[in-house]
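Quick note: numbers below take in every heavy atom, side chains included, and nothing from hydrogens, waters or symmetry partners.
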Amino acid sequence: MDHNEGLIKEEKPKKPRKVPDHVILSGGLNNRYWVLEVEERPGHKTLTISCSKSLHPTETCLLKDGWEMTPVCCGDVVHMEGHSDSGAWLVDREQGFLVLLPDSLISGTSISSSIRCMRRAVLGDMFKSFDGGSKQMLNGTIVHEVFQRAATAKDFSLETLSKLADQVLQTISCLPSNSRAPSRCQDSATVVTVTELADIEENVWSPRFGLKGKIDVTARVRIQRRSHRTLEEKTVPLELKTGKESNSIEHRSQVILYTLMSLERYNPEAGFLLYLKTGNLHPVVPTHMDRRELLKLRNTLVHYIHNCVDKEKKRSRLSRLPDILTNRQTCQYCPQKINCALYERAVDGNSADVSEDVVRDFLQLETGHLTPPHLSYFSHWLLLCCLEAATMEAKNGRKRVWLRTPEESEKNGSCVGNVQLSGPVTIQSEGVFLHRFQRSSAVLQKGLANSGLASGDRIVVSDQEGRLVGLATGYLCEVSRTCVNLSKFSGVLFRLDGDEGVVGLSTHLTNLSRLMENGQDSDRLRELVVDLRPPEFISNLSSVLPREAKDTVANILKGLNKPQKQAMKKVLLSKDYTLIVGMPGTGKTTTICTLVRILHACGFSVLLTSYTHSAVDNILLKLKRFRVGFLRLGQGQKVHPDILPYTEESIRKKGVHTLSDLEQLYNKELVVATTCMGIKHPIFTRRRFDFCIVDEASQISQPICMGPLFYAKRFVLVGDHQQLPPIVQNQEARSLGMDESLFKRLELHSEAVVQLNVQYRMNRQIMSLSNSLMYEGRLECGSERAATALLTLPFLVSVQSELSSYSKTDPQHDLAWIQATLLPSNPVCFLDCSMVPALESVEQGGVSNHTEAALIHKLLSLLIKAGCKPSDIGVIAPYRLQLKSISALLQSSAFTGVEVNTVDRYQGRDKSLIVFSFVKSTAEEGNLGELLKDWRRLNVAITRAKHKLLMVGSATTLRRYAPVEKLLNHLQQENMISLKHIIPL
DNA sequence: TCTCTGCGCAGAGGA
């Protein structure tokens, strides 16, 4: 018997009985239930659910009349609509809804597109297609814009329309053929008149139904029913259509979904479809059946989106998608064609054997140009991205906007609640509004200044009660100011949440899909990236170097050291790519800047990119000084102030009126700079470059790094794989190689690699640490001056004598170790706290070590007293929580300027003096943590100091980390200082 | 066991 029971348990997919930390459950209107059990019977399904994290008490939910087909699993979160009879919910034909995974908001268009093809809707969620769209779509966008502007101005006269059209686009020939104000809808029984516009492009998030969308027009209407002889005022959604007047299920479904998602805002009973070609207004009055069927579609869609990987024997693999349609007509215009075929072959390469002829022909047509290695590269990275996306989704902070109260969110600094509009809303520029918010008087004393939100942050505006979620998004201009239009809510209390956004990995997947396309750019890149075809070089410089540029180039080269010169030469000779390894302190930025100058002088066009905005701007700031012109693409909010004049936004302000003006703006500069993610810019539909340079390349994941490479004939990757790799959150994805950058992958072709090994940052002793840890002695000092540079401490003598006298009066305290530590002539010190002891403390959200923090505080006080400038000091720790505890001790003004940051954030930067807190110190075995196991992170940490590096940690614990052990073994006796007890000062 | 930067968005029509 026991044996049997064991077997049955094994068969059922075992889901954790415990609810994970990030899941938030609740009862009430916006309830969230956890599914504990699913029992299937013919014709119905019973769920055991609970809205309490303790999973007690439980309730039941009976699904029937088609609802039993809902793909709900144990461990899912669901939302219940309808009512329960003492804990027993019923969802059937007549009543109730079940919303699966309600915190994944699905857009109205996704759902309506799933009516025709569920597979397309799922793929559409994964891959944002790149194709610029059709003429009709462009026309649609323009006409929408014109209509909405005319509606705002309440003027539909032909003159106004054509004026507005001119504003939208200078060259326009397509206007709605019927330009009268479309405000009436008549059928025999009712007359509907639009009386007022409440909003344009209203953004709606509906966590109750798991929906989101943008409503073209929200209108106030007067409904006159002949039979009742009554007048009714209503607010309703209006969906504009510029194409054929089809009144199709898709169009109507969109409207039905809009009425559902705005239920809490104004409870519309109906919505309208407005066809601009004819001016006809079609009422859409949703029935329970309509809503029921659309929510069922939503549930199926969200199920596929969330379960794109499944686990078999602890190994994840891609799940099957809904079947491919065999109706070629529907597929003809599908933008997901290639992804549809790729996915089919990626998941099951042999499926072509069993499928129908039409499908086989389709697969051949779309993917026939690809070899098995290509397909497996695609499916491998697709799996990695799906794994990573799942981890990111679980942590997705956006749902906190509706699941957490503002008070809860304020505690971790991501929110400001209880604010009111104060003062008038002003228009900043076209469609951008400036709002002022103020704490309502009840909570005024708390103030806004020290919330976690800072100017430049993206924020989401919602109402305090959670009825109007995601009303608008915008940027925080100054504390208490934002740019969104909310003038209609003058009496409402708002909350502002920091918006991390939902990035997902759609750029990764889009790039991967692009790599598989059948076309010149993709074919070439596939050959280099996937097939690893060896890069080719030409043999003679004279053929690439224009005669008139020779002198200029020679002049520029003068300032470079030998390996830097080699790098320049290699790039010029390359036909495919060059990899530049920039070891710490070897002047990567200078090298890139010089490279751009040379290429520019030769008349080559250059696409200059990096992963982060700051890295892009660092190069541009240098470039600017050499009078090399460039165009900087990207959000002004993120760009360095000194680079702002070079952005498209700023140049446009000076007057770009015609298409040729725009063309000029995009083509004028040889050098265009942006981040790797910024490649969706329209400039890339036209322009190709001679060279693409990618900085920070060893920190960028392969699918992102290849993005800009599509647009250039040759590329240069700059990085150092001995420093930090791309960050991958999902453990399995990391173990399957997601943290291998393209830089690392291509490095096997050593003929393409140039090493910059001459460094000017560290003095000899500091450099030798890194040399023994990572570079096997290859790193060299560029000058005797750099090699011997020491920290300057003008008042050291007085500090030392103070310490001596303290030692004399208190002989039990031997302070000689501090005196030794302070000496500039002792550039590397490891302060061993094993004996103190200085134990770490593990809290939720991180690890810290208060003793190390206190020690660092003392050391810095003395060093600053001895004359070290606070701005020359950097404090580094691997864990955020430790930074917090150190910063807390450095509050006094004496420390202003000391920069406390993580290893990761210090990459690419340096300071004269660096103090590194290892934090980890534990008596027990195990639980070592990942961060310090990484050789590369340690390498970064010890190569940030120019003149002096102080390390604080417990050698006995740290020896258990292989990289730290190697470091400790290298340290000479005089570098190791063992502390016996806590400092007495 | 905790390191973090990118992103505008959903929808613009066509069968």
[N] [atom2] sits how many Å from [X] [atom1], rounded?
X: A:Tyr611; N: B:dT3; atom1: OH; atom2: C1'; answer: 13 Å
X: A:Met261; N: B:dA10; atom1: CE; atom2: C1'; answer: 10 Å
X: A:His22; N: B:dC2; atom1: NE2; atom2: C1'; answer: 14 Å
X: A:Gln637; N: B:dG6; atom1: CD; atom2: C1'; answer: 16 Å
X: A:Met677; N: B:dC4; atom1: CE; atom2: P; answer: 17 Å
X: A:His251; N: B:dG11; atom1: NE2; atom2: C1'; answer: 11 Å
X: A:Leu505; N: B:dC4; atom1: CG; atom2: C1'; answer: 13 Å
X: A:Gln336; N: B:dA15; atom1: CD; atom2: P; answer: 19 Å

Tell me which nucleotide among [options] gets nearest to the side chain of [X].
X: A:Lys244; options: B:dA15, B:dT3, B:dC9; result: B:dA15
X: A:Asp904; options: B:dG8, B:dC4, B:dG14; result: B:dC4
X: A:Thr612; options: B:dA12, B:dG6, B:dC2; result: B:dG6
X: A:Lys214; options: B:dA12, B:dC9, B:dG14; result: B:dC9
X: A:Thr109; options: B:dA12, B:dA10, B:dG6; result: B:dA10
X: A:Asp216; options: B:dG6, B:dA12, B:dC4; result: B:dA12
X: A:Glu239; options: B:dT5, B:dC9, B:dA12; result: B:dA12

Please check the phosphate of [N] (OP1 and OP2 only) for any side-chain N or O of [X] closer than 4.0 Å.
X: A:Lys920; N: B:dT1; answer: no
X: A:Thr242; N: B:dG13; answer: yes
X: A:Tyr258; N: B:dG11; answer: yes
X: A:Thr902; N: B:dC4; answer: yes
X: A:Arg116; N: B:dG14; answer: no

| request: On DNA chain B, check which nucleotide each of A:Asn203 and A:Val728 is closest to and give me the residue with the more 5' one. | output: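 Its nucleotide being nearer the 5' end, the pick is A:Val728.
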| Closer to the 5' end of DNA chain B via nearest nucleotide, is it A:Gln332 or A:Ser107? |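 Checking each residue's closest nucleotide, the 5'-ward one belongs to A:Ser107.
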| said: Apply side chain to side chain donor-acceptor pair (under 3.5 Å) to residues A:His681 and A:Thr674 and explain how you reach the verdict. | reply: CA-CA 10 Å; A:His681 193 278; A:Thr674 185; over 6 Å; no
Just call it for [X]: base, sugar-phosphate, or nothing, with non-hydrogen atoms closer than 4.0 Å on any strand.
X: A:Gln254; value: sugar-phosphate
X: A:Arg120; value: base
X: A:Tyr906; value: nothing
X: A:Arg937; value: base
X: A:Cys334; value: base

[Y] and [X] side chains, donor-acceptor separation under 3.5 Å:
X: A:Ser917; Y: A:Glu852; value: yes
X: A:Ser112; Y: A:Ser253; value: no
X: A:His850; Y: A:Glu840; value: no
X: A:Arg632; Y: A:His640; value: no
X: A:Ser610; Y: A:Glu696; value: yes
X: A:Ser110; Y: A:Ser113; value: no

Contact between [X] and [Y] at the side-chain level, heavy atoms closer than 4.5 Å - yes or no?
X: A:His282; Y: A:Tyr275; answer: yes
X: A:Val903; Y: A:Phe916; answer: yes
X: A:Glu393; Y: A:Ser104; answer: yes
X: A:Leu932; Y: A:Leu958; answer: yes

| No-H, no-angle donor-acceptor pair, A:Arg880 side chain to B:dT3 base, under 3.5 Å |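 It does not, because no donor-acceptor pair links the side chain of A:Arg880 to the base of B:dT3 below 3.5 Å.
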| field | A:Phe710 six-ring face occupied by A:Arg514 cation (under 6.0 Å, within 45°) | value |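 Geometry flag: set, cation within 6.0 Å and 45°.
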| query | Which dot-bracket notation, 5' to 3', represents the base pairing of DNA chain B when pairs are defined as Watson-Crick or G-U with both distances under 3.5 Å, crossing pairs as [ ], and inter-strand pairs as |? | reply | ...............
| task | Give, ordered by number, those residues of residues 384-393 of chain A having at least one heavy-atom distance below 4.0 Å to an atom of DNA chain B; if nothing qualifies, reply none. | result |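 Hits under 4.0 Å, by residue number: A:Met392.
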| said: Between B:dA12 and B:dG8, how many Å separate the two C1' atoms, rounded to a whole number? | reply: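 Pairwise C1' distance, B:dA12 against B:dG8, rounds to 15 Å.
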| said: Would you measure the distance from the P atom in B:dG14 across to the matching atom in B:dA10 and give it in whole Å? | reply: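 The answer is 23 Å between these two P atoms.
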